[in-house]
Amino acid sequence: MFTGIVEDIGVITRLDRDASTGSAEMTITIAPGSSLLKDCRDGDSIAVNGVCLTVTSFKDDHFNVGVAPETLRITNLGGLSENSRVNLEPAVRADTRMGGHFVQGHVDTIAVILLAEQDGNAITFRFQPKNRDMLRYIVYKGFIAIDGTSLTVTQVNDKEGWFQIMLISYSQEKVVLSKKAAGDSVNIEVDMMAKYAEKSLAGILGSGDGESIPLLEKIVEKIVASKLKQ
């Protein structure tokens, strides 16, 4: 579990792809003096561009991770190369301040940047998700994780299939998104609370597949029974 508050930016200094398995191994280096790995242990989870990965080994200034074929296919990690910059966040602890929102590190889809436009000292970004179904979980003023960064949605256009966020000047110095441009891809994780809400409502109202509707059915039965007694 993560918060979407990026703690550091790392650089991929080694990228080994295994053609026989479709997987990859990466070494990610951090700046000297960074405290990112101060309490790290082998096997810890760390978010790399919003993707939850496992630290397989580490030193003071770098760590190694393995990336599965499926992860390379469905996230933008598959398009990275040596010297690529990535957002980094270690998993939350019991005493972690929740400055962003609950982020699982499970990317739902990638999105393409349609627009990156300066707005005063901020930058407005417009994204089009590859999986348009994800737009139903994206709402105005709602949370969204973009490359692992917790951000606020400023506009949604369901008809045209895009949404926007605004990146303030402070965040521009802390995350990789500020250096990206139209045509680049980002990892998207929608707010998991929206998924839970949808599933809960489906259990009440039914999924529309003709199956019974347990709770709603019981409510209707009680209303009918009450009317018949009158």
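Source: prediction; values computed, not measured. FYI, the numbering just counts along the sequence from 1.
- Between the side chains of N76 and D147, a donor-acceptor pair is found at a separation under 3.5 Å.
- For the atom pair K174 NZ and I168 CD1, the distance stands at 11.0 Å (nearest 0.5 Å).
- Here the shortest heavy-atom pairing between I146 and L177 reads CG2-CD2, 4.4 Å.
- For the side-chain hydrogen bond (donor to acceptor under 3.5 Å, both in side chains) test, no residue two or more places apart in sequence or in another chain qualifies with S178.
- Considering all non-hydrogen atoms of both residues, T29 and H62 come closest at OG1-CB, 3.8 Å.
- Annotation: M193, atom CE; neighbour count of heavy atoms from other residues, nucleotides and ligands within 6.0 Å does not exceed 12.
- The CZ atom of F125 sits 11.5 Å away from the OG1 atom of T154 when rounded to the nearest 0.5 Å.
- How far CD of Q128 is from OG1 of T109: 10.5 Å, rounded to the nearest 0.5 Å.
- Looking only at distances, a side-chain donor or acceptor of N187 sits under 3.5 Å from a matching main-chain atom of N49.
- One distance of note links NZ of K195 with CD of Q104; it measures 6.5 Å at 0.5 Å rounding.
- For residues 31-45, the set of pairs meeting the side chain to side chain donor-acceptor pair (under 3.5 Å) definition, not counting sequence neighbours, comprises D8-S34, D39-R93.
- At a threshold of 4.5 Å between non-hydrogen side-chain atoms, the residues V51 and V67 do not count as touching.
- For the residue pair L80 and I12, the shortest heavy atom distance occurs at CD1-CD1, 3.6 Å.
- At distances below 3.5 Å, not a single donor-acceptor pair connects side-chain atoms of E89 with backbone N or O atoms of A91.
- Residues P129 and L135 approach most closely at CG-CG, 3.9 Å, considering heavy atoms.
- Counting heavy-atom neighbours within 6.0 Å of E173 CD, excluding the residue itself, gives a total of 12 or less.
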Problem set entry | Full working for side chain to side chain contact (heavy atoms under 4.5 Å, CB included) between I9 and V176 | CA-CA 7 Å; I9 292 177; V176 299; 4.0 Å; yes

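- Rounded to the nearest 0.5 Å, atoms CD (E117) and CZ (R126) are 8.5 Å apart.
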For this session: List the steps, then state whether side chain to side chain donor-acceptor pair (under 3.5 Å) holds for N64 with S57.
Result: CA-CA 5 Å; N64 298 311; S57 62; 2.7 Å; yes

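- Side-chain contact between L36 and P90 is present, with heavy atoms from C-beta onward closer than 4.5 Å.
- Taking 4.5 Å as the limit, some side-chain heavy atom of F127 sits within range of a side-chain heavy atom of I113.
- In this structure, R17 contributes its side chain and G78 its backbone to a donor-acceptor pair below 3.5 Å.
- Residues V139 and F163 do not share a hydrophobic cluster, defined by chaining ILVMFWY side chains whose heavy atoms lie under 4.5 Å apart.
- A distance of 5.0 Å separates CG in D191 from NE2 in H101, rounded to the nearest 0.5 Å.
- Taking 4.5 Å as the limit, every side-chain heavy atom of I188 sits out of range of all side-chain heavy atoms of K130.
- Listed for the D108 side chain is a donor-acceptor partner under 3.5 Å among the backbone atoms of V190.
- Checking side-chain atoms of Q172 against main-chain N and O of N121 turns up a donor-acceptor pair under 3.5 Å.
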Problem set entry | Intermediate values then yes/no, side chain to side chain contact (heavy atoms under 4.5 Å, CB included), K179 and D184 | CA-CA 10 Å; K179 304 302 181 183; D184 290 339; over 6 Å; no

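- Contact annotation: the side chain of V186 approaches that of K180 to within less than 4.5 Å [non-hydrogen atoms, C-beta and beyond].
- Nearest heavy atom pair, residue F2 against residue A47, reads CE2-N, 3.4 Å.
- K141 places no side-chain N or O within 3.5 Å of a backbone atom of T152 that could act as its donor or acceptor partner.
- Counting all heavy atoms, side chain and backbone alike, I30 lies closest to L88 at CG2-CD1, 3.6 Å.
- No continuous path of hydrophobic side-chain contacts links M166 to Y170 [ILVMFWY only; heavy atoms under 4.5 Å].
- With hydrogens and angles disregarded, no donor-acceptor distance shorter than 3.5 Å links the side chain of S171 to the backbone of L167.
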